[in-house]
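Order of appearance sets the numbers: ligands from 1, and atoms from 1 within every ligand.
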Amino acid sequence: MKIKKFSLERYFLENESDDTLSLSDAVCDPLKLNELLDLGPSDSLARLYELNLGYTNSYGNRDLRKAIASLYSGTIEVEDLIAVEPTEGILVALNCLLKPGDHVIVGYPVYEPLYRVAAAIPCNISLWQANPGHWQFDVDELEKLFRHNTKLIIINFPHNPTGVNLTHDQLNQVIDLARKHNCTVFSDEIFRWSEQNEVDRLPAVCDVYEKGVTLSGLSKSFSLPGIRVGWLATQDKRLIKKFSIFKDYTTGCASASSEVLALMALAAKDRIIQRTLSIVESNLVILDAFFARHQDRLHWVRPKSSLVTLVELVNDDLDDLAKALLTKKSTYRSGFSFVPETDKRWQELFSPGIRAKQPAGGAVQV
Ligand SMILES: Cc1ncc(COP(=O)(O)O)c(C=O)c1O
């Protein structure tokens, strides 16, 4: 498999330093270890002290898998999921689901690995493009993309980078189409639980579609990207075994300490999600004013879910802007956004108070 570089990651690596405020994260203010220990069950610290730091079960700690299975509505049992690092889950699943020459439909714009791994297999890819301007995905357009050899539809809702979500009806239509064409749906649901209104929370694809595979994890809505815990879930037990066989060549098993931390996080799920949503809520108020003030230069669609939103520059060139921001001396002050010292235009744009960071390619974390 010859895979092209993950250009967004490379961009970060090449351009970030300790004093850079990232405009490109899709995570709200990650939790500190002491915050997690405070939120988790009272014996959390003891559990960590007593932890055996050997290899762990390749499918994931059984208690952890039980806690993950309880996030779903009964169709997913402990045996129907495997712990993976979130990005690893994309590599593992797509390699097991696809072979060279398969036709794949990918929602676009897209979190890069969801596209790049399928392209590297190599598969033939059709893009299901969100409509620019409002970024809605039109299911009638999806229907037109099917071919006789379409194997897989790759979706990601709530969506990175636009922040849009499907409606319940639209998700049902996507699944109906997949069923009609005997296709698997690979559904990246890592932003699930970031819906500002619970009625907008879609069912997990692994729960509602017998050929659905859900990827999820603790990196986004749980604000714990550093523990590297995610999972793949599907009703198809044979697939879980295939994933496990492939995983022998990637991480093999999860880190023992991360599994315990993940268990704590899942036990404290409601409080952690509430923390994330309250950051989003307060930042959205600031962003409302910010975008109202700069509507002649910036356009956004206020997200109802997800932790990001895609900002379009009305006249400015994105590359020029990125270069200008990177080459100007910038400062980071706690509680402030970063302010290029010398460029008055951008000083005006980035006003005090935005607590979160802002994603690349024009996406802004809320
Ligand atoms: C849509 C989506 N899926 C998966 C991932 C992978 O998560 P991680 O970076 O924790 O592996 C990300 C990370 O940004 C993402 O945005």
Side-chain angles (χ1 to χ4, degrees), residues 3 5-13 16 22-31 36 60 68 82-95 106-118 127-128 130 135 137 152-166 185-195 202 204-206 213-233 243 247 250-251 254-255 258-259 261-262 265-266 272 276 280 303 305-310 356-366:
I3 194 157
K5 69 178 180 184
F6 186 166
S7 49
L8 189 63
E9 278 308 320
R10 290 293 110 191
Y11 186 85
F12 293 161
L13 271 173
E16 265 179 7
S22 169
L23 297 181
S24 321
D25 262 306
V27 185
C28 281
D29 220 3
L31 279 164
L36 178 58
I68 296 168
I82 180 168
V84 283
E85 293 186 1
T87 308
E88 176 194 19
I90 297 172
L91 184 76
V92 168
L94 297 189
N95 269 285
V106 183
Y108 191 87
V110 65
Y111 175 63
E112 225 173 308
L114 294 171
Y115 171 89
R116 292 241 184 264
V117 174
L127 300 178
W128 180 29
W135 300 120
F137 285 82
L152 185 70
I153 310 170
I154 299 176
I155 56 175
N156 160 224
F157 295 106
H159 187 238
N160 178 10
T162 65
V164 301
N165 207 355
L166 292 183
V185 175
F186 181 78
S187 175
D188 179 335
E189 296 164 14
I190 202 154
F191 286 96
R192 195 155 184 254
W193 302 288
S194 65
E195 304 80 6
L202 298 172
V205 167
C206 62
V213 178
T214 285
L215 170 77
S216 194
L218 302 182
S219 298
K220 306 298 177 191
S221 308
F222 283 81
S223 301
L224 289 167
I227 68 170
R228 314 300 304 126
V229 171
W231 56 89
L232 290 163
F243 295 161
K247 188 184 152 180
T250 54
T251 54
S255 130
S258 286
E259 289 193 322
L261 296 174
L266 288 167
I272 293 178
T276 302
V280 169
S305 313
S306 192
L307 306 174
V308 293
T309 179
L310 191 66
K357 310 162 190 174
Q358 307 188 16
V364 169
Q365 183 199 358
V366 294

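With respect to atom 7 (O) of ligand 1, the closest heavy atom belonging to the protein is Pro86 CB, 3.4 Å. At the top of the distance list for atom 11 (O) of ligand 1, counting protein heavy atoms only, stands Thr87 OG1, 2.6 Å. Annotation: atom 12 (C) of ligand 1 to nearest protein heavy atom, Tyr111 CZ, 3.3 Å. From the protein, the heavy atom lying nearest to atom 1 (C) of ligand 1 is Asp188 OD2, 3.3 Å. Considering only non-hydrogen protein atoms, atom 16 (O) of ligand 1 sits nearest to Asn160 ND2, 2.8 Å.
Which parts of ligand 1 touch Ile190 is read off a 4.0 Å heavy-atom cut-off, strictly below it: atoms 1 (C), 2 (C), 3 (N), 7 (O). Atoms of ligand 1 lying under 4.0 Å from at least one heavy atom of Arg228, given by number and element, are 8 (P), 10 (O), 11 (O). Listed by number with element, the atoms of ligand 1 under 4.0 Å from a non-hydrogen atom of Lys220 are 12 (C), 13 (C), 14 (O), 15 (C), 16 (O). Counting atoms of ligand 1 from 1 in the listed order, those under 4.0 Å from a heavy atom of Asn156 are 1 (C).
For the atom pair Leu215 CG and Ser187 OG, the distance stands at 8.5 Å (nearest 0.5 Å). Taking OG1 of Thr276 as the start and NZ of Lys220 as the end, the distance is 12.0 Å to the nearest 0.5 Å. Here the CD1-CG distance, from Ile272 to Leu266, works out to 8.0 Å after rounding to the nearest 0.5 Å. From Ser216, atom OG reaches atom CH2 of Trp193 across 4.0 Å, with rounding to the nearest 0.5 Å.
Within 6.0 Å of atom OH in Tyr108, 12 or fewer heavy atoms from other residues, nucleotides or ligands are found, so the atom counts as exposed in its surroundings.
Residue contacts with ligand 1 do not include Glu88, since none of its heavy atoms lies under 4.0 Å from the ligand. The shortest separation from a heavy atom of His159 to ligand 1 is not under 4.0 Å, leaving the residue out of contact.
In this structure, the ring of Phe6 has its center less than 6.0 angstrom from the ring center of Tyr111.
With a 4.0 Å heavy-atom cut-off, ligand 1 is reached by the side chain of Ser219 but not by its N, CA, C or O.
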Exercise for review: Step by step, work out the ring pair (Phe, Tyr, Trp, His ring centres under 6.0 Å) result for Phe137 and Phe157.
Suggested key: CA-CA 11 Å; Phe137 285 82; Phe157 295 106; 5.1 Å; yes
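Closest approach of Asn165 and Glu195 over heavy atoms only: ND2-CG, 4.2 Å.
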